[in-house]
Amino acid sequence: MLKNYTTTKVDFELFKKECEKWIEVFGLKGWSVVYCHDEKKCDNYAEVWYNLQARCATITLIKKWGNLFTGKDFQIKQSAFHEARELFYARINLLAKARYVTEYEIDEEIHNLIRNDENLIFKCEVT
């Protein structure tokens, strides 16, 4: 078990590579994503900030980690997956927190997520 781990440039490159892999898998091609390796003081290994209207996101690998209970590379890969998935759910997150939201908007986003899942799971076979 490692304690108070500080992520390295090599870790950051692995993190970016994993984020890009999951962004591709989840079909998040409508986003402009930048990556950051930052000293933020938080309890997370990583975080994502996004502007839904502009479709811009910043995915950050935090430099100073607390205790690590799994392998470092495993935690980096899982963190990249987690942040990409948060980006995937950005719109439904916004809708769920909106003070005023229509039934149409909720249905629209649910269908967007379902179509994305269909495209992930079912491969189009043209004969």
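Rounded to the nearest 0.5 Å, atoms CG (L61) and NZ (K16) are 10.5 Å apart. Rounding to the nearest 0.5 angstrom, the gap separating the NZ atom in K17 from the CD1 atom in I76 is 12.0 Å. A distance of 11.0 Å separates CH2 of W49 from CG of L87, quoted to the nearest 0.5 Å. A distance of 11.5 Å separates OG in S79 from CD1 in I59, rounded to the nearest 0.5 Å. Put simply, CD1 on I92 and CD1 on I106 are 6.5 Å apart, with the number rounded to the nearest 0.5 Å.
Other residues, nucleotides and ligands contribute more than 12 heavy atoms inside 6.0 Å of the CZ atom of R55.
Criterion: ILVMFWY side-chain heavy atoms under 4.5 Å apart, direct or through other members. Under it, V48 and V25 are part of a common hydrophobic cluster. Note on V34 and I62: separate hydrophobic clusters, where clusters join Ile, Leu, Val, Met, Phe, Trp and Tyr whose side-chain heavy atoms are under 4.5 Å apart, directly or indirectly.
Ring geometry for Y45 against W65 counts as tilted: the plane angle lies between 30° and 60°, on a 0 to 90° scale.
Pairing each heavy atom of D117 with each of F88, the nearest pair is OD1-CZ, 4.0 Å. Closest approach of N116 to G27, counting heavy atoms only: ND2-O, 4.3 Å. The two residues E18 and A80 make their nearest non-hydrogen contact at CB-CB, 3.4 Å.
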Take L28 and W22 through the side chain to side chain contact (heavy atoms under 4.5 Å, CB included) test and state the conclusion after the steps.
CA-CA 9 Å; L28 300 172; W22 291 114; over 6 Å; no
Kindly determine whether D11 and K72 satisfy side chain to side chain contact (heavy atoms under 4.5 Å, CB included), including the steps that lead there.
CA-CA 9 Å; D11 295 335; K72 170 185 65 82; 2.8 Å; yes
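In this structure, N93 and Y50 have side chains that are in contact, with non-hydrogen atoms separated by less than 4.5 Å. Two residues are said to be in side-chain contact when any heavy atoms from C-beta on lie closer than 4.5 Å; D38 and Y35 fail this criterion. Taking 4.5 Å as the limit, some side-chain heavy atom of R91 sits within range of a side-chain heavy atom of E108. The shortest side-chain heavy-atom distance between T60 and F15 does not fall under the 4.5 Å cut-off.
For T7 (side chain) and F12 (main-chain N/O), no donor-acceptor pair under 3.5 Å exists by modelled atom type.
Aromatic pair Y89/F26: ring centres not closer than 6.0 Å.
Salt-bridge formation is not detected for the pair E24/K21: no Lys NZ or Arg NE/NH1/NH2 atom is positioned less than 4.0 Å from an Asp or Glu carboxylate oxygen.
In the model, H82 has no side-chain atom that pairs as donor or acceptor with a side-chain atom of Q78 under 3.5 Å.
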